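Structure first, then comments.
All of these numbers come straight from a predicted model, not from anything done at the bench. A note on names: the letters A, B, ... follow the listed sequences, proteins ahead of strands, and every chain is numbered from 1.
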Number of protein chains: 2
Amino acid sequence: MEKVIIIGSGPAAHTAAIYTARANLKPVMYEGLMAGGMPAGGQLTVTNDIENFPGFPDGISGQSLMSLMRQQALNCGTTIKTVTVNKVALNEKPFKVFAGMEEIQAETIIIATGATAKRLSISGEAHLWQKGISACAVCDGALPIFRDQILVVVGGGDTACEEALHLTKYASKVIMAVRRDVLRASQAMQNKVKKNAKIEIYWNTNVTEALGETKLKQVKIFNNRTEKNSVIDVGGLFYAVGHIPNTDFLQGQLKLDESGYIVTRPGTTQTSIDGVFACGDVQDKHYRQAITAAGTGCMAALETENYLDRE
Amino acid sequence: MEKVIIIGSGPAAHTAAIYTARANLKPVMYEGLMAGGMPAGGQLTVTNDIENFPGFPDGISGQSLMSLMRQQALNCGTTIKTVTVNKVALNEKPFKVFAGMEEIQAETIIIATGATAKRLSISGEAHLWQKGISACAVCDGALPIFRDQILVVVGGGDTACEEALHLTKYASKVIMAVRRDVLRASQAMQNKVKKNAKIEIYWNTNVTEALGETKLKQVKIFNNRTEKNSVIDVGGLFYAVGHIPNTDFLQGQLKLDESGYIVTRPGTTQTSIDGVFACGDVQDKHYRQAITAAGTGCMAALETENYLDRE
């Protein structure tokens, strides 16, 4: 029987591990083996250099930051298992976690399985990922490669509008490629976008191909009304078509919102089941930053300790 | 007119600065000049080595971590002024910030002025601070100097009980020095403390002196019922007598809770005035960790950007 099992391997998971290990709770972390198609370490392992994680004035690569955190979790006494959790049973205590061939009992569970940015799966995307294609304007927009370039944002929701507005701070021009002839975004956001002289909206437009050898140079677009293809020169392509939280393994045992994110009591990491805590992007569709994820990992650890003290 | 003024100099303030600077909002930070009796950098500058900030597997001193963050804020384009903000005017927009002889207008304000742990101001406290005396069991309890020692916790509230329970994981014995003959803590916490064989409660007890040359060796205690003094050998003294949030300069212009903390909408950094955001310990009496403060600093920056986009 474990006191606490942590599922995940990103900043939230490792921060939860550091705190629970220092509190002598002997955490066991299941970091997964290409869980959700992602290497251990999570989304940061497939990003550009990170300039906004506080404490690293010269920036740091996502892989380096994650190996530092992993080492720190180990140093503090975390047991890390490179196995993917397939299933959990939360209907009675102790909880059960199924990973590979193992079935482990746990007094508490911290879920930090993250979310995965949706991709378009267009031609050229795989080899140009993070070479001009990004799923996070807030993370990457300020990088030198995107300065004074024409940047394309794909999507028509609030996030797409926010990202387009954010990118106008660096870009010479921002093109929003919107599949339909309307935006899904709130009226306030639509007004803001339409008033911004740097943003041009391409309606009824699908991005169909990313072109470039070692970095993105052009995108091919298709107008689904006129049915015409064209190619435009661009310096960056930003996807804002949503994220998929990694919550399938829960099989509906925790309360999720309409997009599949775990619902936590605002300002805490408490889920709908006492003793099960969620932190990081799996419960956050709004901020989604490494540092906010790490902050909630700490909260989950302190709440877990407090829960075990009370029980 | 500034787009955003940040008041404070701890992890929340610097993370807010890094994010707003990268969003080209040209933040101006007032880090203060011994504001609240604290050097710029905040509470971390008077702590032991930090083992639980993710990304630093070998630990890092509070001062080093804060100078890294400060450098990063500067690198990203923050203007830092070493002046204390005495007053703000939030009743009309643009807001006004008064610092030294300056009066500055701002579209938005991020408040990250932190909180200060209350001290007892007993003899020996000043020179033994962080040499056996600490105001944060969660931060410091796991340090080698406290392992297998007799540790004293001062206080009788929920936090004191939590800290005492936390310390039982390392200590040979924990003494709770409680001024009255009852605990203020919740019944559940009281039961937990009283059931723990490692915790002994000294009722009607004031700690009156800390003894030791280069580190804490003994404390002098006074029983306020029998009026007897005694001296006990201890390895650590933990204050859990509350914190004072640094909100005096607001002069009641923002909604505060009964302890003087800024009230934010749970899960956000929004204060009672649109365009004024609060992050870090000045709005958090529960988690109070460097990493949670940094997380909320990021949230404040993203909410500020979003607010400016909407306005």
Side-chain angles (χ1 to χ4, degrees), chain A residues 11 14-15 17-19 21-25 51-60 65 67-76 138 141-142 161-162 165-166 169-170 188-189 192 264-268 284 286-287 289-299 301-303 305-306 309-310, chain B residues 11 14-15 17-19 21-25 51-60 65 67-76 138 141-142 161-162 165-166 169-170 188-189 192 264-268 284 286-287 289-299 301-303 305-306 309-310:
Chain A
H14 281 299
T15 306
I18 291 164
Y19 269 82
R22 291 186 87 241
N24 271 1
L25 300 179
E51 293 182 347
N52 55 15
F53 194 87
F56 298 90
D58 304 314
I60 181 167
L65 181 59
S67 30
L68 290 173
M69 288 191 191
R70 190 176 189 278
Q71 191 55 53
Q72 191 167 353
L74 288 170
N75 291 356
C76 291
V138 170
C161 290
E162 275 176 36
L165 289 165
H166 183 84
K169 291 159 187 163
Y170 321 104
M189 267 298 168
K192 194 76 195 175
T264 50
R265 194 157 68 78
T268 77
D284 171 20
H286 190 55
Y287 304 106
Q289 301 296 301
I291 189 67
T292 53
T296 59
C298 169
M299 290 162 61
L302 296 178
E303 288 168 20
E305 186 183 355
N306 192 257
D309 278 347
R310 278 186 285 114
Chain B
H14 281 300
T15 306
I18 291 163
Y19 269 83
R22 291 186 87 239
N24 271 1
L25 300 179
E51 293 183 345
N52 55 15
F53 195 87
F56 297 91
D58 304 315
I60 182 168
L65 181 59
S67 30
L68 290 172
M69 288 192 190
R70 190 176 189 277
Q71 190 55 52
Q72 191 168 353
L74 288 170
N75 290 357
C76 292
V138 170
C161 289
E162 274 175 36
L165 288 166
H166 183 83
K169 291 160 187 163
Y170 321 105
M189 268 298 169
K192 194 76 194 173
T264 50
R265 194 157 68 77
T268 78
D284 171 19
H286 190 57
Y287 304 106
Q289 302 296 302
I291 188 67
T292 53
T296 59
C298 169
M299 290 162 62
L302 296 177
E303 288 168 20
E305 186 183 354
N306 193 258
D309 278 347
R310 278 186 285 114

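- Using a 4.5 Å cut-off between heavy atoms, A:Asp309 contacts chain B through both its backbone and its side chain.
- Looking at A:Lys169, the atoms closer than 4.5 Å to chain B (heavy atoms on both sides) sit in the backbone and in the side chain alike.
- Counting heavy atoms from C-beta outward, B:Arg310 and A:Leu165 have side chains that stay 4.5 Å or more apart.
- When heavy atoms are compared at a cutoff of 4.5 Å, A:His166 approaches chain B by way of both its backbone and its side chain.
- Considering only heavy-atom pairs separated by less than 4.5 Å from chain A, the leading option among B:Gly295, B:Ala293, B:Pro57 is B:Pro57.
- Both the backbone and the side chain of A:Glu51 come within less than 4.5 Å of a heavy atom in chain B.
- For chain A, no part of B:Asp284 is nearby; none of its heavy atoms comes within less than 4.5 Å.
- Highest contact tally toward chain B, considering only A:Thr296, A:Asn306, A:Leu74, A:Ile60, is held by A:Asn306 [criterion: heavy-atom pairs under 4.5 Å].
- Between B:Thr268 and A:Tyr287 the shortest side-chain heavy-atom distance falls below 4.5 Å.
- For the set A:His14, A:Glu303, A:Arg70, the count of heavy-atom pairs under 4.5 angstrom toward chain B peaks at A:Glu303.
- Top candidate by heavy-atom pairs under 4.5 Å with chain B, chosen from A:Gly267, A:Cys76, A:Ala21, A:Gly59, is A:Gly267.
- The distance from the CD atom of B:Glu162 to the CD atom of A:Glu305 is 8.0 Å, given to the nearest 0.5 Å.
- For the set A:Ala17, A:Ala23, A:Ala188, A:Gly297, the count of heavy-atom pairs under 4.5 angstrom toward chain B peaks at A:Ala23.
- Listed for the B:Gln71 side chain is no donor-acceptor partner under 3.5 Å among the backbone atoms of A:Asp58.
- The contact between B:Leu25 and chain A is made entirely by side chain atoms (from C-beta outward), counting heavy-atom distances below 4.5 Å.
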